[in-house]
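Reading through the C-alpha cells given below for one structure.
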Amino acid sequence: MSWSLSEIESLSRKAARGAGMSWGMAEEAGKSVTWLAAAGLPGPEALADLLERLHDQDLDEFAPVIRTDAWRAPGGALCPIRAGAALSDLGCSGETRLEGVMQPLLIVPFAVQAAEGPLVLEWPGARFACGGALRGSAEGLCVQADVLIETGTAAEQPMLDCALRYTPKPEAITVLERFAQLTYAPETEASRTSGAGAGLSDHD
Amino acid sequence: MEHRDITPDQAPLRPATEVMRLARMGSFHQSRLSFMRILLRRLSAERWRFTTPLFDINARGEGTAVYTAHGPGRSYSLVAFAHDLPADQRSDRVIATAWDATFALFDGIPTEADITRLRANVPLQEAGRVTETELSLSRANRSVRLWEHVVSALARGEQPDAAMITDVGYLMRTTAVYGSGKFGAADRAATCTRPEFQAPFQIEMLNVFLIRAFVMDLVEHLARLRAPKAAVPLEPALRRRFGIGNSTGLGMAPYLLNHPALLNNWIAARETALARVRALPSATPQEAAGFATLVKRAQIHADEWRSDHPAQIAKLADLRGDLAALIARLAALPLTGPTPWNALWLWAEGALSLEGQEALASLMMEPHGALVDDLSAGMACEEAVYWRIDGAMTCDELRTVVDAIYDWALATDWTDRATQARVWYVSEAKLEPRLGPRWDEPLAPYEQPLCPGRDAALMRADLEDADGTVAAFLMAHPEHRHIVRRAQIAAKLPYAEIRDNTIAEDVLPIDMLRAKLSFFGACHFDPRSDRWVRITMFQHAPFPSEIAAGGAADDWTYPPLGSA
C-alpha cells in the first residue's frame, strides 16, 4: 500500500520521539526519512531498525564527538540523526570520516543539506553524490558502517528521482507505530469529557 | 493607474508585538485575502464550468452524487455519499464513526471503478483509505433544526422561514475536511504547482464549495421525492443565505504553531494590504459613499451573528458598538482629507475594541481589490526553505534574537504554576490533539512542542554562558533544537511566532481557531466552549451555476442592504 509523504513524515517523527529523541531531533528524523522515501530509498525501514537499537538507551552515548581524524560516538555506534544534524549545522566542504554510523542511509539527506560543494558519501555497498547532481544507490540496508565523505562526484551512479509516494514494508510500519504509540497519552475519563466537542449537544 | 505595475506605497506594517497577540488574533475577520475568496475569484475569472454527471439518491436520502468542476487545465470531482443516519449516531465530535454525508475530492473525473473503490472507503473516513487520486476527504452532518423544516416547507410548495435560516445559516456542517496527504490522499507537493492550488487550502475550499452545491440540490431533491407535484425549489435569494457549517475542535489550533513560516506569510499579506490602503493619498466622494454602504452591510452581517458563548456575546457587543461608532465617524468626518484611510485607522486604534479594529482592517481592504488582491500569491510558503538551522550563527547573535522575539516569555515567571497549567498532548484514544491540566493528570511526558515561550525561556537559560556557534550549542543541547529552529525562523519572518503563552491557565484555544478560520474565510464564529467552535462558510456566496454564467462579483460576504 502506498503512503503519502506527509503520512511517512508524521509517523517517523512521532516514532523517533517515542523512542526517546528530543522533539527537534525527532523532526530531523522525520525529514530524513521522508527525503529518502521520496527518492525511493528505504528510509522508514532504516529508521525502524535504528529506533529498535536506540530506545531505552542513553542517547548521548550515540552522539558524535568530533576529533581531527574522525567523528566517533562514546559508545562506538554513531546515531545518524544526531551526527546528521550536526553535519547540517556545521556545513561540510570536504573530507569527513564518521565511524560506526548506524543505518548510514539516514545520514544522506543531512549531507545533501550540508554540502558546500560536490561531495561523495561512501560506505560498503553504497555511494551517493550530493552538492551537485544528486546520484546514488545502496545495496539494501546497512546496520552499521564507517562513512567517508570526500569531495567529488559519482557519475557512474543513477540520478535520484523524486517520487511523491512510497510503499513501506509492513514490518517497518509496525515498529514505527509501536514507538509512535509511546507519544500518545492514555485516555482518562477526565480527558475524555474535557475534549473538543464534548459536553454540549451537537444534535441541533 | 494600474497598481500592479508599481510597488504600491505603504504605511509601516504593524509590529508583530501588536499583531501576534492571541486576543487580537482571536478577533480576526475574513477578508479579500481569505482562501475561499481567493478560490471564487479564480473560478469566476477563469469561468469554470460545473457538471453533475451522477445524482442517484433515494427518498431516504441514500445514494451517490458526483459534481465536477472544469477549469482551464484540469477537472476536479466531488464524490458524495449520502447516508440515512440514525439520530443517535449524529455527533460533531471527531470520534464519531458515522455521518449524514461523506465526501472525497477526486483529481479528475472518476470512473465507475473509482466510485466503487471510494464507496468502500470514504464512508469510513479515518478508518478507510484513499489514494493519490484523492485530494481531500470530508464529512458532514445535517442541522436537525433546519433540515426537516426546509424539506417539509418546500414539499408543501412553500419557502422556508427566512429568520430560521438566519439563525442557523446552513443545512449541513462539516466536521473535518482533511487534505494534504491525510489517510493516503495526495500530498500538497503533488498539486501545489497547479495555478489553481498555489494559494493555501484551495483544495479544501473547493471541496466545501462543491459540498454546499450538493447539499442545496439534495434538500430540493428530497422535497420533490416527498411531494412530486407540490414541491418547489428554493427562491434564489433565499438559497444564497445558506452556507455550509463547520464544527472545529482543538485539532486545528496546533497547525498555526506547527507552520510558523506559513503563518507569517498569511499575516504579512494581510498586514501589507492594510498598510497599502493606509498609504492611499485620497478617496473620491464615490469611494467614501461606497465604504459607508459597506459598513452598513457589515452591520447586517454582525447582527446575524449568533452565539450563546459568554465571551463571544461580549465580543459581539463590542463589534456592534464599534460598527455603530464607525458609521458615526464616517458621517461626521467623511473620507475627504489627505490620507483619509490612515486617518480613519489611527482613529480606530484609539476608539474601537480589538473586534472593531480587526473588522475595520478587513473592511478597508474590501473596496481595494486592485491594490491588495495580488498579495494572495505570497500566502503559500515553501517551508523547506526555512528548515535548516543556521549553525554558523553565534550564541551571541542567538541571544539577541531570543531576547527580541521572546521578551514576553523571558519576563514570565515560569515557576508560577498558572503559567504552565496546560499541556498540549495527543490522546491514545483517537490520536487527536488535546489540552489537559498539567498539575492534575500525568500528561507532561506526552507534551507536544506547542509552547514556544516556555521552551525559549528554558533555552535562553542554557544559552546564557554559551559561546561559540549555534552548531556547538546544539551538539551539547539537542533538547533545544526545536526552539532554536523556531527562533531562527522568527528572526527572518516577523509574524511567524505567536507572542503569547499557549499553555497558560487562561489560554483560549478558540483564539487560535478563529485566527486560522478567518484566513479560510469563515464567518459567524460561534464558540461552543473554550476549545471548539462552529462557523459558517460560503454564506451568501454565488453557486456554481452563477460562477459559470459569469459576472459573479467578489462582493458576496456581507449581505446586501435590505436583506435583514
Side-chain angles (χ1 to χ4, degrees), chain A residues 1-10 14 17-18 21-28 31 34-35 38 59-60 63-66 81-83 85-91 110 113-114 162 164-165 180-188 190-192 194-204, chain B residues 87 90-95 129 131-132 141 143-145 180-190 247 249-251 387-392 425-429 431-432 434 436-437 440-443 445-446 448-449 469-471 474-475 478-485 528-529 531-532:
Chain A
M1 182 172 73
S2 100
W3 284 47
S4 70
L5 296 183
S6 53
E7 287 179 300
I8 285 172
E9 179 168 353
S10 170
K14 288 183 211 167
R17 171 66 179 168
M21 291 189 195
S22 73
W23 274 116
M25 208 55 79
E27 288 161 351
E28 299 287 3
K31 290 286 179 203
T34 307
W35 190 96
L59 295 186
D60 287 341
V65 177
I66 302 176
I81 307 300
R82 281 286 278 272
L87 197 65
S88 169
D89 293 351
L90 289 164
F110 295 100
Q113 240 172 25
C162 183
L164 287 166
R165 306 292 289 190
Q181 189 72 26
L182 301 176
T183 65
Y184 307 141
E187 186 84 320
T188 64
S191 64
R192 196 163 21 244
S194 68
L200 272 169
S201 164
D202 43 18
H203 286 237
D204 55 350
Chain B
R90 188 172 292 111
S91 168
D92 281 7
R93 298 198 60 185
V94 73
I95 57 171
R129 184 84 188 156
T131 72
E132 63 263 51
N141 282 334
S143 165
V144 176
R145 275 186 286 171
S180 195
K182 294 277 170 53
F183 310 107
D187 283 300
R188 174 163 168 81
S247 198
L250 272 184
W387 177 255
R388 186 182 171 199
I389 286 175
D390 174 9
Y425 69 100
V426 174
S427 77
E428 193 174 39
L431 311 188
E432 274 293 305
R434 292 182 191 271
D440 304 335
E441 290 184 44
L443 296 169
Y446 305 100
Q448 297 279 318
T469 63
V470 165
L474 286 176
M475 283 187 74
E479 71 276 17
H480 296 317
R481 191 167 187 83
H482 174 84
I483 190 65
V484 166
R485 191 190 322 277
R528 310 287 289 179
S529 78
R531 53 192 71 188
W532 72 288

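Just so we're on the same page: letters track the sequence lines, and every chain starts at 1.
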Inset, instruction - Evaluate the side-chain proximity of B:Asp187 to A:Glu7: yes if any heavy-atom separation is below 4.5 Å, no if none is. - result: no
Inset, instruction - Count the heavy-atom pairs under 4.5 Å between each of A:Gly24, A:Ser6, A:Ala185 and chain B, then report the option with the highest count. - result: A:Ala185
Legend entry - Pick from A:Met21, A:Lys14, A:Gln181, A:Arg165 with the largest number of heavy-atom pairs that fall under 4.5 Å of chain B: A:Arg165
Legend entry - Distance in Å, A:Thr183 OG1 paired with B:Glu428 CD, rounded so as to fall on 0.5 Å steps: 9.5 Å
Inset, instruction - May I ask you to test the B:Arg481-A:Glu27 pair for a side-chain heavy-atom distance under 4.5 Å? - result: no
Legend entry - Region of B:Leu431 in contact with chain A, defined by heavy-atom distances below 4.5 Å: side chain
Inset, instruction - Could you give me the CA-CA distance, side-chain angles and deciding distance for A:Glu187 and B:Arg434, then say whether salt bridge (charged side-chain N to carboxylate O under 4.0 Å, His left out) is met? - result: CA-CA 11 Å; A:Glu187 186 84 320; B:Arg434 292 182 191 271; 3.5 Å; yes
Legend entry - Heavy-atom closest pair, residues B:Ala185 and A:Ser4: O-CB, 3.3 Å
Inset, instruction - I would like to know whether B:Arg129 and A:Trp3 meet side chain to side chain contact (heavy atoms under 4.5 Å, CB included); could you show each step before the answer? - result: CA-CA 10 Å; B:Arg129 184 84 188 156; A:Trp3 284 47; 3.9 Å; yes
Inset, instruction - Could you tell me which of B:Ala392, B:Ser180, B:Gly181, B:Pro445 has the largest number of non-hydrogen atom pairs under 4.5 Å with chain A? - result: B:Gly181
Inset, instruction - Could you check which of A:Met1, A:Lys31, A:Arg82 has the highest count of heavy-atom pairs closer than 4.5 Å to chain B? - result: A:Lys31
Inset, instruction - Sort B:Leu474 into side chain, backbone, both or neither according to what part of it lies under 4.5 angstrom from a heavy atom of chain A. - result: side chain
Legend entry - Any A:Trp23 side-chain heavy atom under 4.5 Å of B:Gln448 side chain: yes
Legend entry - Closest heavy-atom pair and its distance - A:Tyr184, B:Tyr446: O-CE2, 3.4 Å
Inset, instruction - Any chance you could measure A:Glu28, atom CD, to B:Trp387, atom CH2, to the nearest 0.5 Å? - result: 5.5 Å
Legend entry - Portion of B:Ala189 that has a non-hydrogen atom of chain A nearer than 4.5 angstrom: both
Inset, instruction - In sequence, state the C-alpha distance, the side-chain angles, and the governing distance for B:Glu132 and A:Ser2, and then conclude on side chain to side chain contact (heavy atoms under 4.5 Å, CB included). - result: CA-CA 9 Å; B:Glu132 63 263 51; A:Ser2 100; 3.8 Å; yes
Legend entry - Engaged part of A:Leu182 at the chain B interface, taking heavy atoms whose separation is under 4.5 Å: backbone
Legend entry - Selection from B:Ala190, B:Ser247, B:Gly391, B:Ala186 maximising heavy-atom pairs under 4.5 Å formed with chain A: B:Gly391
Legend entry - Closest-packed option against chain B by number of heavy-atom pairs under 4.5 Å, given A:Ala26, A:Gly91, A:Ala85, A:Ala63: A:Ala85
Legend entry - Over all atoms of both residues, closest heavy-atom pair of B:Arg388 and A:Gln113: NH1-O, 3.0 Å
Inset, instruction - Please report the closest heavy-atom contact between A:Asp89 and B:Ala471, naming both atoms and the distance. - result: CB-CB, 3.6 Å
Inset, instruction - Return the minimal non-hydrogen interatomic distance between A:Met25 and B:Pro478, and the atom names on each side. - result: CE-CB, 3.7 Å
